[in-house]
Number of protein chains: 4
Amino acid sequence: MGKIKAIVDAAQILFAEKGYENTPVSDIAKAAGVAGGTVIYHFKNKENLLFIVTWRVHYSLFKATLKSLTPARSGLDAALSFVAAFFEYLRKRAGEFQLILKNTAYDTLDVNAFPNADLKLMHLRYLRLLQEGLERGIEDGSVRACDPMSVSHVIYAMLIGAARLHLSHGEDLENLAAESMAFVRARLENPAPALA
Amino acid sequence: MGKIKAIVDAAQILFAEKGYENTPVSDIAKAAGVAGGTVIYHFKNKENLLFIVTWRVHYSLFKATLKSLTPARSGLDAALSFVAAFFEYLRKRAGEFQLILKNTAYDTLDVNAFPNADLKLMHLRYLRLLQEGLERGIEDGSVRACDPMSVSHVIYAMLIGAARLHLSHGEDLENLAAESMAFVRARLENPAPALA
Amino acid sequence: MGKIKAIVDAAQILFAEKGYENTPVSDIAKAAGVAGGTVIYHFKNKENLLFIVTWRVHYSLFKATLKSLTPARSGLDAALSFVAAFFEYLRKRAGEFQLILKNTAYDTLDVNAFPNADLKLMHLRYLRLLQEGLERGIEDGSVRACDPMSVSHVIYAMLIGAARLHLSHGEDLENLAAESMAFVRARLENPAPALA
Amino acid sequence: MGKIKAIVDAAQILFAEKGYENTPVSDIAKAAGVAGGTVIYHFKNKENLLFIVTWRVHYSLFKATLKSLTPARSGLDAALSFVAAFFEYLRKRAGEFQLILKNTAYDTLDVNAFPNADLKLMHLRYLRLLQEGLERGIEDGSVRACDPMSVSHVIYAMLIGAARLHLSHGEDLENLAAESMAFVRARLENPAPALA
DNA sequence: CATGAATGAGCCTTCATTCAT
DNA sequence: CATGAATGAAGGCTCATTCAT
């Protein structure tokens with residue numbers, strides 16, 4: 001029965017559009033075509049639903065990025081395509097991303113409690129993709145020496161900040177994408193690449 | 001009478017800590033030491049209070065940044081001290097900043113409607129500080145050729161994203177500050193400065 | 001489940017006794033033996049309840065009158081028994097009638113909007129009963145020539161005014177009934193009936 | 001200082017337009033051009049204001065009717081001009097009259113308590129005008145034998161009912177006036193006037 | 001006299017959650 | 001599994017009234 005999926009899908013859309021607090025469970029039920037009690041029946045409470053939906057979006061971003069990364073030649077390429085993948089995702093699934101920005105799952109929930117730890121884990125796996133690229137780049141000489149952890153954090157900050165500027169302030173996505181790329185390249189590109 | 005100020009202060013703290021929707025007006029009243037009706041009496045409704053509080057924080061960030069910028073020698077210096085000012089503010093007034101991140105004044109309110117337009121205006125004045133630095137830097141040769149608008153947007157994205165990483169994910173602020181500085185410097189610094 | 005009926009019954013009594021604005025929804029719930037939220041759950045809002053209750057009383061008066069009218073011999077008889085039925089109703093269901101007098105459904109609601117149009121319709125059907133009697137009376141010679149529409153309006157005005165005098169001012173109902181009858185008879189009775 | 005008058009005037013208009021319960025004291029103050037506290041300061045509470053305003057309208061109707069009655073030749077003339085005066089008042093001061101219909105001063109207040117007894121008194125003096133006409137008419141032979149008290153009550157019922165039909169249901173005032181007159185004349189006119 | 005800031009009780013409504021069916 | 005009637009706590013807001021100035 002597709003009811004569970006219908007509920008999660010509906011919740012994702014509504015949470016993204018109006019935010020968690022402004023989305024009554026009854027609206028989710030209506031949008032999913034099920035009875036009011038059914039949502040709670042399956043998910044025990046509304047917060048669980050937020051967690052699941054949030055996790056799904058994180059996972060989806062992770063998967064999409066993973067796919068784009070595969071054929072990266074150098075470490076620098078990997079890092080740059082990580083950035084590109086982010087904007088590609090934003091371009092195609094703005095709605096889904098809105099969810100991450102608008103909701104405070106990270107804040108209100110105890111991140112150390114199960115199952116929220118899963119959420120953090122997913123996020124770490126996602127960042128890991130970037131860090132691996134950076135590490136590879138440092139090794140293969142395409143990226144200048146730096147601390148991959150810190151750099152990955154700031155790149156991620158830039159991306160999520162750009163998403164906010166686009167989704168909330170209406171800034172042009174393509175400008176943000178191009179300029180972000182320029183920032184990353186300027187910071188990473190090794191001016192003195194390793195000799196062959 | 002300090003009652004209005006007490007309400008705004010209380011609202012700022014509570015909105016920042018728990019978010020707008022999770023802060024009952026009655027809690028604000030209690031924290032401000034006034035009766036329940038007093039909050040609405042002065043601000044007509046809860047949303048107004050959010051607007052005022054948000055504006056105040058934006059203004060405060062603007063003012064703090066303006067102060068730090070004054071003695072900048074070159075345009076590059078100005079831009080870098082803009083970034084430094086941001087982290088300085090975050091360091092000292094993390095709570096206040098939380099408000100901007102956690103609340104969706106920009107999303108739920110019609111930004112073009114008065115008085116929300118004021119909010120946008122304040123934000124633009126703030127960004128203008130950075131843009132002026134960039135323009136000056138391009139002119140005085142300390143900053144390489146670029147589009148000040150786009151660059152300022154991405155820098156702002158990076159800053160606000162870093163704030164999120166720090167405040168919500170608990171990332172170390174000093175690492176983020178240092179690395180952000182490195183990004184900005186890498187992107188801006190003119191490799192071929194104008195001759196003397 | 002009799003809960004809906006219990007709510008409507010309770011609302012009818014309370015609206016009639018204390019008026020719409022002076023009857024908290026919570027009182028209705030209490031009187032109906034249900035939880036506070038149940039009233040709104042079923043009727044969406046308080047005003048709906050007023051409409052439904054008002055309609056029910058109008059309908060009940062219509063039905064009661066219709067029943068009394070059936071065996072009328074002449075048109076004059078029909079008109080007179082219309083009047084008698086009104087006072088009979090007032091005698092037996094004073095409380096219910098109070099509702100019509102004390103509440104301003106007609107004033108505050110847009111009578112032309114659905115479903116308030118239903119209310120007007122019900123009222124017109126009720127008045128129609130009187131008009132038909134008058135028309136029949138003019139035809140069969142028991143009623144003198146007159147405009148049935150205007151006459152029905154004034155008779156209705158007299159009746160509702162009498163109800164007000166009785167219910168609000170405490171005037172004796174039987175005096176009002178007898179004298180009203182005398183007025184109607186004096187105005188309608190044909191002094192020169194048709195020849196046999 | 002005209003402040004008290006301004007308040008009473010404003011209250012009259014607002015009570016008539018929106019009803020007592022739906023008129024905040026603050027609106028009255030605003031309309032009267034005084035501060036919020038001033039209304040209560042002068043009238044102690046809102047209910048007093050309703051009483052005063054209601055009394056004023058009753059008095060005004062009484063005065064207007066008294067004026068129209070003066071030159072009545074016969075008792076029947078007096079009664080008929082009483083009715084005419086009512087419609088004349090309704091024609092010219094519909095707003096003021098609305099107040100009597102829409103508000104429940106008579107119901108919610110204890111009519112026997114001072115000062116509400118004054119209201120009843122005013123009403124009785126008004127009705128007395130009609131009763132005197134009827135008594136005179138019976139004496140001078142222009143009105144057929146009847147109980148002046150009962151007849152006056154039903155005439156008053158008819159008038160106030162007609163006002164309701166006009167003000168709330170939108171029925172045409174002139175039709176109501178003409179037909180009401182016909183009813184009164186039919187009931188009162190002596191078919192066999194006293195011989196000279 | 002008059003003000004208007006301040007109060008706090010009370011109102012209508014929302015909504016996550018429960019539970020009998 | 002699923003439903004939806006029912007709940008009741010909580011929320012935002014209104015408003016008559018008070019009172020220091």
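Proteins come first, then strands; the chains are lettered A, B, ... in the order of their sequence lines, and each starts at number 1. Any value given below was found using the heavy atoms of this structure, including those in side chains, with hydrogens, waters and symmetry copies removed.
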Is A:V39 touching bases, backbone alone, or none of the nucleic acid, heavy atoms closer than 4.0 Å? nothing
Length of the [atom1]-[atom2] vector between [X] and [N], whole Å:
X	N	atom1	atom2	result
D:E21	F:dT14	CD	P	18 Å
D:K30	E:dA2	NZ	P	20 Å
B:I28	F:dG12	CD1	P	8 Å
A:Y20	E:dC15	OH	P	13 Å
B:D27	F:dG11	CG	C1'	11 Å
D:I40	E:dA6	CD1	C1'	15 Å
D:N22	E:dC12	CG	P	12 Å
B:N45	F:dG11	CG	P	17 Å

Using 0.5 Å steps for rounding, measure from the CZ atom of C:F15 to the OG1 atom of C:T54. 8.0 Å
I need the single residue from B:I4, B:V8, B:N48 that forms a side chain to side chain contact (heavy atoms under 4.5 Å, CB included) with B:H42. Which is it? B:I4
D:T23 side chain to D:G19 main-chain N or O, any donor-acceptor pair under 3.5 Å? yes
Sorted by position of nearest nucleotide on DNA chain F, 5' first, the leading residue of C:G33 and B:K44 is C:G33
Paired with E:dT21: which nucleotide, if any, by Watson-Crick or G-U wobble criteria at under 3.5 Å for both distances? F:dA2
Determine the minimum heavy-atom distance between A:V57 and A:E96, stating which atoms define it. CG1-O, 3.6 Å
Closest-nucleotide 5' rank along DNA chain E - winner of B:T38 and C:T23: B:T38
Closest nucleotide of DNA chain E for A:Y41 versus for D:H42: which of these residues is on the 5' side? D:H42
For atom C1', what is the distance between F:dT21 and E:dC1, given to the nearest Å? 12 Å
Between F:dT7 and C:K3, is there an OP1 or OP2 to side-chain N/O distance shorter than 4.0 Å? yes
Under 4.0 angstrom between A:K46 side-chain N/O and E:dT14 OP1 or OP2: no
Choose from F:dA6, F:dC15, E:dT7 the nucleotide whose nearest atom is closest to any side-chain atom of D:P24. F:dC15
Heavy-atom distance under 4.5 Å between the side chains of A:D27 and A:K30, does that happen here? yes
